[in-house]
**Student:** 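Here it is, the structure, as structure tokens.
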There are 2 protein chains.
Amino acid sequence: MAAVPTGRLVKDGLYEQFARIGKAVAHPKRIELLDLLCQGERSVEVLADAAAMTVVNTSAHLRVLRESRLVATRKEGTRVFYRLADDAVCEFFFSLRDLAGDRYAEVDRIVRDFFDARDELEPVNRDELLSRAGDGGIIVLDVRPREEYEAGHIPGAVSIPLADLKGRMASLPHRAEVVAYCRGPYCVLAPQALELLRRGGFTARRLEDGFPEWRRAGLPVATGESPSVDPHPPSTPELTGP
Amino acid sequence: MAAVPTGRLVKDGLYEQFARIGKAVAHPKRIELLDLLCQGERSVEVLADAAAMTVVNTSAHLRVLRESRLVATRKEGTRVFYRLADDAVCEFFFSLRDLAGDRYAEVDRIVRDFFDARDELEPVNRDELLSRAGDGGIIVLDVRPREEYEAGHIPGAVSIPLADLKGRMASLPHRAEVVAYCRGPYCVLAPQALELLRRGGFTARRLEDGFPEWRRAGLPVATGESPSVDPHPPSTPELTGP
DNA sequence: CTTCTATTCTATAGATCCATAGAATAACAA
DNA sequence: TTGTTATTCTATGGATCTATAGAATAGAAG
């Protein structure tokens, strides 16, 4: 009881610091920005577009994230690029996301309503994909924007960004089974790709989770350009943020 | 661009759910409550006392935590006991705490100002403690409240709650080297114990982190009563929250 | 130097959050 | 029944957060 002059002050100071992280992730748009930045560095304008916000508003949210030191910036000419301040921030985002997935049936319901409706077949998990990767009858399709593919992808995967898929679908071998992947279990790119592929007559499944989880699991990663089914991309790579 | 009617709605819905977690941990007192609940179930009154808040205010914060489903309650007579809704919540608290420790020099400074001033010697890490546990010349001291000790402690550790330490210090073998531990790297109990022990003429160090981290590392855990240097506790076990 | 573009800054009104006060409830005891 | 204790509910003023509008800055291009 006696002689502990600073105990409460120390505690208050520490929890105050911890709460800075909490305040930073107390707004859905800021979490979305962190999710986007887990994919790599982005300019303000690109982030604003992807998160469906005005540039001014996006800049204000990014300011909050920067002041909480979860993100850092780099200036290049007139543009400012934001990135995660540390890989640990991405890990923290994962643990936040996973806890929400654990605790909230709502998350499960939203995912089911949207994702399962587009899954004709069960999703493929990583182990299954690894064990079948060699047998040739399977095409692994990366439907993220080209620049994310080049920054890192599953070895052997073919890059067809979702925006290009409609036009380039015909170039895929028609008998093949396609496994599409994107940014993670809550990313809408792969489910949308499945819908297009299914309409085009393909047998398509999606990888249960996406590239960030693949890398996190310590599995092999390839970078730069890679085998393409159709070597002449018909349109400029474009960020697809529906 | 076309044919994606619900993409944005899905994203907004998901990030909204993720942000529920963020909002729950956007206030330092709520984080402190989660930290306390990581130690075990507690009544509102005990929590209010430990976090230095009024009962009414504590109840309001607990309500927020309950509505975000991070904690659950159990009623026993006229008292309500709160507990974490899941072990995953404790894991999430750890990752929040560790990220803050990584990112904020302030945390390090606060810890140093308070803790290092009370460390005469370097803290002991888990490996070192394990390798020296058998050699007899070392006493492992659990200075948490008795009830936390009984819920789980390091095998072979002696329980002397901080509040009792002054009175029971004399019963410790005077030549022994003491290693004190408490609730974790930011808990003030062990540093305070070191100060008392040092004044009493003991050679005392503290375990680098506390019991929650010990358990989390998968190391052996003992429960219930255990060897006590002084088998007649001089005062009722009491929650020590300076 | 002027124009253009990307971003940030300032001010503001509306919404939300927070601590406290005072009252209400619920379980138990006398 | 009447207290008594632990907790929650309701109302309120003040603080903080958020989105937007409009202006300012800074770099690149003409």
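Just so it is clear, the values below take in all heavy atoms, side chains as well, and ignore hydrogens, waters and symmetry mates. Lettering of chains follows the sequences in order, A, B, ..., and the numbering in each one begins at 1.
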**Student:** Taking the side chain of B:Arg63 as heavy atoms from C-beta outward, which of C:dA26, D:dT7, D:dC9 is closest to it?
**Tutor:**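 Of C:dA26, D:dT7, D:dC9, D:dC9 is nearest to the side chain of B:Arg63.
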
**Student:** Looking only at the side chain of A:Ser43 (C-beta and beyond, no hydrogens), which of the listed nucleotides C:dT7, D:dC17, C:dT8 gets closest?
**Tutor:**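 For the A:Ser43 side chain, the nearest candidate turns out to be C:dT7.
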
**Student:** At under 4.0 Å, does any side-chain N or O of A:Tyr82 touch on OP1 or OP2 of C:dA6?
**Tutor:**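 A:Tyr82 to C:dA6 OP1/OP2: no side-chain N or O under 4.0 Å.
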
**Student:** I need the CG-P distance between A:Asn57 and D:dT18, as an integer number of Å.
**Tutor:**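 Atom CG in A:Asn57 sits about 10 Å away from atom P in D:dT18.
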
**Student:** Could you tell me whether B:Arg66 contacts a base, only the sugar-phosphate backbone, or nothing, with contacts defined as non-hydrogen atoms closer than 4.0 Å?
**Tutor:**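 Nothing, no nucleic acid heavy atom in range.
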
**Student:** Give the nucleotide from the list C:dT7, C:dA19, C:dC9 with an atom nearest to the side chain of B:His27.
**Tutor:**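 Among the listed nucleotides, the one closest to the side chain of B:His27 is C:dA19.
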
**Student:** Nearest of C:dT7, D:dA19, C:dA6 to any side-chain atom of A:Thr78?
**Tutor:**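 The answer is C:dA6.
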
**Student:** Separation of B:Leu47 atom CG from D:dT8 atom P, in whole Å?
**Tutor:**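 To the nearest whole Å, that distance equals 10 Å.
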
**Student:** Strictly below 4.0 Å: does A:Arg79 bring a side-chain N or O up to OP1 or OP2 of D:dA26?
**Tutor:**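 Checking A:Arg79 against D:dA26: no side-chain N or O falls below 4.0 Å of OP1 or OP2.
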
**Student:** Touch check for A:Val56, heavy atoms < 4.0 angstrom, all strands: base, sugar-phosphate only, or nothing?
**Tutor:**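 Contact class for A:Val56: base.
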
**Student:** Among C:dT7, C:dT20, C:dT8, find the nucleotide with the atom closest to the side chain of A:Ser59.
**Tutor:**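 Among C:dT7, C:dT20, C:dT8, the one nearest the side chain of A:Ser59 is C:dT8.
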
**Student:** Side chains of B:Asp35 and B:Tyr186: donor-acceptor distance under 3.5 Å anywhere?
**Tutor:**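 The answer is no; no qualifying pair exists.
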
